[in-house]
Amino acid sequence: MNGLETRSITLNMLIRINEDGAFSHLLMRETLAKLGHYSQRDKALIKRLTEGTLEQQIQIDYIINQFAKIPVEKMKPLIRNLLRLSVYQIIFMTNIPDRAACDEAVKLAAKRGFSSLKGFINGILRNISRNKENLKLPNEADEPVNYLSVYYSIPVWIIEKWLKEYDYEQTKSICRGLLEVKPVTVRLHNKPSAKQVEDWQNKIKTTGTEVKRHPYLDYAYELNCIENIADLPCFQAGFLTVQDVSSMLVCEAAGIKPEDIVIDVCAAPGGKALHAAERAKKVIARDISETKCNYIRENASRLKQTNLEISVYDASKLDVSLINKADILLADLPCSGLGVIGKKPDIKYKLSPDSISGLCDLQRRILSTIWQYVKPGGILLYSTCTINQDENEKMMAWFVANFPFIYEQLPERLADLTQGKSQNGILQLFPGIHLADGFFICRLKRLKETN
């Protein structure tokens with residue numbers, strides 16, 4: 001694949017994500033699947049160009065606006081996304097010559113019908129290239145909010161929200177952590193023997209992949225230098241599955257026993273449900289659409305996990321057949337996703353204060369329904385992939401004030417991660433502070449009925 005074609009594919013994705021609202025992780029999966037005949041190197045470059053441009057987009061726009069007479073937001077969609085892609089290469093990629101980034105941008109503009117703007121594009125990019133060692137960003141001492149927003153490419157309103165909930169240094173650590181390159185985290189399926197693990201490690205290292213056990217859990221491993229995990233025989237054979245360690249900690253916090261019935265009301269793509277199925281008698285896994293349930297089925301089939309009952313169901317609607325059926329109820333509810341911006345960078349541009357308020361309303365509607373599925377004395381394990389207190393601590397405070405549940409202490413093995421909160425059953429993980437996604441876990445116990 002030549003450089004022009006690589007950039008053309010990347011530009012198409014950026015336009016679909018930024019202008020049409022496509023979700024980056026789904027579009028990336030769809031696009032790379034269609035490029036099966038291209039080399040892993042080409043696909044890796046497309047992935048990096050797309051995700052990197054999205055990750056750094058606010059800083060990139062800030063830079064472009066210093067050199068362009070027309071503000072980025074008033075440019076034609078193709079032109080602004082082409083400039084963003086090109087500036088990302090100039091500022092953040094040392095292995096691509098600036099000249100190549102400029103020349104390919106001009107060629108691509110002409111190919112897409114914008115020959116009249118070749119001089120405009122070329123002038124901006126070459127000016128940025130000449131001045132990239134002297135670019136001006138907001139001063140941290142004078143403009144701390146704008147500094148964090150531009151330097152780490154996080155919208156101002158999110159920075160302001162975090163600063164109300166966390167101090168400046170913690171907020172800065174979170175921002176920094178969201179930009180760190182993260183390994184692929186996998187969970188080994190069905191507790192393989194030490195010999196099986198050793199053989200797997202030796203085999204996977206022959207592919208050039210680096211393997212390292214995660215310090216939090218003995219069945220969690222980090223993989224570096226891997227292009228496509230689905231190409232590994234051990235993945236297709238069901239030896240492992242992709243799952244962040246924060247998600248694995250949900251089942252650790254739940255304390256699932258072999259005789260338990262587990263209900264997972266928002267289960268797709270199935271990581272927690274399948275993890276629970278290794279430990280429980282039966283798991284009832286549901287989600288709101290056939291597409292989402294098919295993700296669970298695909299993963300269950302690959303892992304050969306048969307004790308799952310998978311069906312489409314709206315979690316906000318009561319299913320009377322499940323009342324008092326769950327020993328463990330997993331409630332990983334729809335949320336803002338602020339803790340996984342590092343993996344899904346477009347989240348930060350799609351969110352708004354109003355959308356978060358709407359998500360909180362949805363969470364309350366679902367919780368007002370599903371609590372009835374928990375047996376008296378059973379466990380409700382609430383989780384989100386966000387670090388927003390309205391969806392986390394404040395949501396749980398509202399819940400225990402209105403329903404027959406109390407906080408229950410998390411298992412002792414999680415005490416080192418809880419930052420002193422283990423007594424009230426809460427674990428909040430932060431990017432940049434913990435070796436995991438930003439994630440919230442709360443363990444609640446349903447009170448037994450009294451006469």
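Residue indices begin at 1 and follow the sequence shown. In this text, all values refer to a predicted model and were calculated from it rather than measured experimentally. Heavy atoms only: backbone and side chains are in, while hydrogens, waters and symmetry mates are out.
Checked by atom type, the side-chain pair Ser289/Thr291 shows no donor-acceptor distance below 3.5 Å. Between the side chains of Arg187 and Ser247, no donor-acceptor pair of N or O atoms lies under 3.5 Å. In this structure, a donor-acceptor pair under 3.5 Å is present between the side chains of Asp244 and Ser246. Remark: the Lys212 side chain and the Asn224 side chain contain no N/O donor-acceptor pair separated by less than 3.5 Å.
The shortest distance between side-chain heavy atoms of Leu45 and Met93 falls below 4.5 Å. Residues Pro155 and Leu351 are not in side-chain contact: their nearest non-hydrogen atoms beyond the backbone lie 4.5 Å or more apart. Tyr219 has its side chain out of reach of Pro192: every pair of non-hydrogen atoms, C-beta onward, lies at least 4.5 Å apart. By the 4.5 Å heavy-atom criterion applied to side chains, Pro183 and Leu223 are not counted as neighbours. Side-chain contact between Leu240 and Ile229 is present, with heavy atoms from C-beta onward closer than 4.5 Å. In this structure, Leu367 and Leu333 have side chains that are in contact, with non-hydrogen atoms separated by less than 4.5 Å. Two residues are said to be in side-chain contact when any heavy atoms from C-beta on lie closer than 4.5 Å; Val262 and Leu330 meet this criterion.
Side-chain atoms of Gln66 come within 3.5 Å of backbone atoms of Lys136 as a donor-acceptor pair (strictly under, hydrogens ignored). Side-chain atoms of Lys348 come within 3.5 Å of backbone atoms of Glu55 as a donor-acceptor pair (strictly under, hydrogens ignored). Between the side chain of Thr369 and the backbone N or O of Arg365 there is at least one donor-acceptor pair closer than 3.5 Å. With hydrogens and angles disregarded, a donor-acceptor distance shorter than 3.5 Å links the side chain of Gln428 to the backbone of Phe439. In terms of modelled atom types and a separation under 3.5 Å, the side chain of His434 and the main chain of Leu429 share no donor-acceptor contact. Within the 3.5 Å criterion, the main-chain N or O of Cys293 finds no donor-acceptor partner in the side chain of Asp287. Without hydrogens or angle criteria, Arg80 side chain to Met75 main chain gives a donor-acceptor distance under 3.5 Å.
A cation-pi arrangement is present between Lys350 and Phe23, with the terminal nitrogen or guanidinium carbon under 6.0 Å from the aromatic centre and inside a 45° cone about the axis. A cation-pi arrangement is absent between Arg286 and Tyr373 under the rule of less than 6.0 angstrom and at most 45 degrees off the ring axis.
Note on Lys34 versus Glu30: salt bridge recorded, some NZ/NE/NH1/NH2 to OD/OE distance being below 4.0 Å. Here Arg213 does not pair with Asp218 in a salt bridge; the nearest charged N to carboxylate O distance is not below 4.0 Å. Ion pair Lys195/Asp199 flagged as a salt bridge, since at least one NZ, NE, NH1 or NH2 atom sits closer than 4.0 Å to an Asp/Glu carboxylate oxygen. Electrostatic pairing of Arg16 and Asp20 does not count as a salt bridge here, judged by no charged N lying under 4.0 Å from a carboxylate O.
Phe440 and Tyr382 have perpendicular rings, their planes meeting at more than 60° on a 0 to 90° scale where under 30° would count as parallel.
More than 12 heavy-atom neighbours from other residues, nucleotides or ligands sit within 6.0 angstrom of CD on Glu73. With a 6.0 Å radius and a threshold of 12 heavy atoms from other residues, nucleotides or ligands, Ile406 has its CD1 atom above the threshold. For Lys203, the NZ atom counts as loosely surrounded, since its 6.0 Å shell holds 12 or fewer non-hydrogen atoms of other residues, nucleotides or ligands. No more than 12 heavy atoms of other residues, nucleotides or ligands lie within 6.0 Å of OH in Tyr151, so this atom counts as exposed by the packing criterion.
Between the CD1 atom in Ile370 and the CG atom in Asp264 there is a gap of 9.5 Å [rounded to 0.5 Å]. With rounding to the nearest 0.5 angstrom, the CG atom of Leu410 is 8.0 Å from the CG atom of Asn424. For the atom pair CE (Met395) and SG (Cys360), the distance works out to 4.5 Å, reported to the nearest 0.5 Å. Going from atom NZ of Lys304 over to atom CG of Leu274 covers 13.0 Å, rounded to the nearest 0.5 Å. Rounded to the nearest 0.5 angstrom, Arg443 CZ and Glu252 CD are separated by 11.5 Å. Atom CD1 of Ile15 is separated from atom OG1 of Thr10 by 11.0 Å, given to the nearest 0.5 angstrom.
Of the listed residues (Lys445, Lys282, Lys375), just one forms a salt bridge (Lys or Arg N to Asp or Glu O under 4.0 Å) with Asp327, and that residue is Lys375. Exactly one residue among Phe405, Tyr407, Trp371 makes a ring pair (Phe, Tyr, Trp, His ring centres under 6.0 Å) with Phe399. That residue is Phe405.
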Between Tyr221 and Trp200, is the ring pair (Phe, Tyr, Trp, His ring centres under 6.0 Å) condition met? List the steps.
CA-CA 11 Å; Tyr221 283 79; Trp200 163 69; 5.2 Å; yes

Any chance you could lay out the salt bridge (Lys or Arg N to Asp or Glu O under 4.0 Å) test for Lys172 and Glu140, step after step, and finish with the verdict?
CA-CA 11 Å; Lys172 188 174 180 180; Glu140 184 173 15; 2.9 Å; yes

Step by step, work out the salt bridge (Lys or Arg N to Asp or Glu O under 4.0 Å) result for Arg297 and Glu290.
CA-CA 10 Å; Arg297 294 186 185 103; Glu290 194 65 43; 2.7 Å; yes

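Under the side chain to side chain donor-acceptor pair (under 3.5 Å) criterion, Gln57 pairs with Asn18, not counting sequence neighbours.
You'll find the ring centres of Tyr166 and Phe430 inside the 6.0 Å limit.
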